[in-house]
Amino acid sequence: MSVRKLIGVAILVLGVLALVYGGFTYTEDRHELEVGPVDLAVEEKEQVNVPVWAGVAAVVVGGVLLAIPERRS
């Protein structure tokens, strides 16, 4: 399998995941207060929304990369 096909599969899978889940969340650590040996850490959950058009575009681009025939030298 060529590198182009692997990239096409990866983009296609990411596009489908973006359409199914609509985004992702991650936790960011923020250190708000440090007084001597006491360290108060605050964790915040951040959410990133992936637009539907971006998921559709990724599926189309991945499909096109998979559909293009291999060149034989």
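Both backbone and side-chain heavy atoms feed into the values below; hydrogens, waters and symmetry mates do not. Fair warning: this is a prediction, and the values are worked out from it, not measured in the lab.
The hydrophobic cluster containing V50 does not contain V16, counting ILVMFWY residues as joined when their side-chain heavy atoms lie under 4.5 angstrom apart, directly or transitively. Residues Y26 and L14 do not share a hydrophobic cluster, defined by chaining ILVMFWY side chains whose heavy atoms lie under 4.5 Å apart. Tracing side-chain contacts under 4.5 Å through hydrophobic residues (I, L, V, M, F, W, Y), one never reaches L40 starting from V38; they form parts of separate clusters. Note on V52: it clusters hydrophobically with V60, by side-chain heavy-atom contacts below 4.5 Å among ILVMFWY residues. In the hydrophobic clustering of ILVMFWY residues, with side-chain heavy atoms under 4.5 Å counting as a link, V13 and V64 come out together.
In terms of heavy-atom proximity, G15 sits nearest to V59 at C-CG2, 3.7 Å. Shown here for L12 and G63, the closest heavy-atom pair between the two residues is CD1-N, 4.1 Å.
Within the structure, every pair that satisfies the salt bridge (charged side-chain N to carboxylate O under 4.0 Å, His left out) test and touches residues 53-70, not counting sequence neighbours, is listed here: R4-E70. Pairs engaging residues 54-66 under the salt bridge (charged side-chain N to carboxylate O under 4.0 Å, His left out) rule: none recorded [sequence neighbours left out]. Identified under the side chain to side chain donor-acceptor pair (under 3.5 Å) test for residues 53-69, with sequence neighbours left out: none.
A search for side-chain hydrogen bond (donor to acceptor under 3.5 Å, both in side chains) contacts involving E34 returns nothing, not counting sequence neighbours. With sequence neighbours excluded, the residues that form a salt bridge (charged side-chain N to carboxylate O under 4.0 Å, His left out) with E46 are R30. In this structure Y21 satisfies the side-chain contact (heavy atoms from CB on, under 4.5 Å) test together with L17, sequence neighbours excluded.
Taking the side chain as every heavy atom from C-beta outward, K5 and L66 approach each other to under 4.5 Å.
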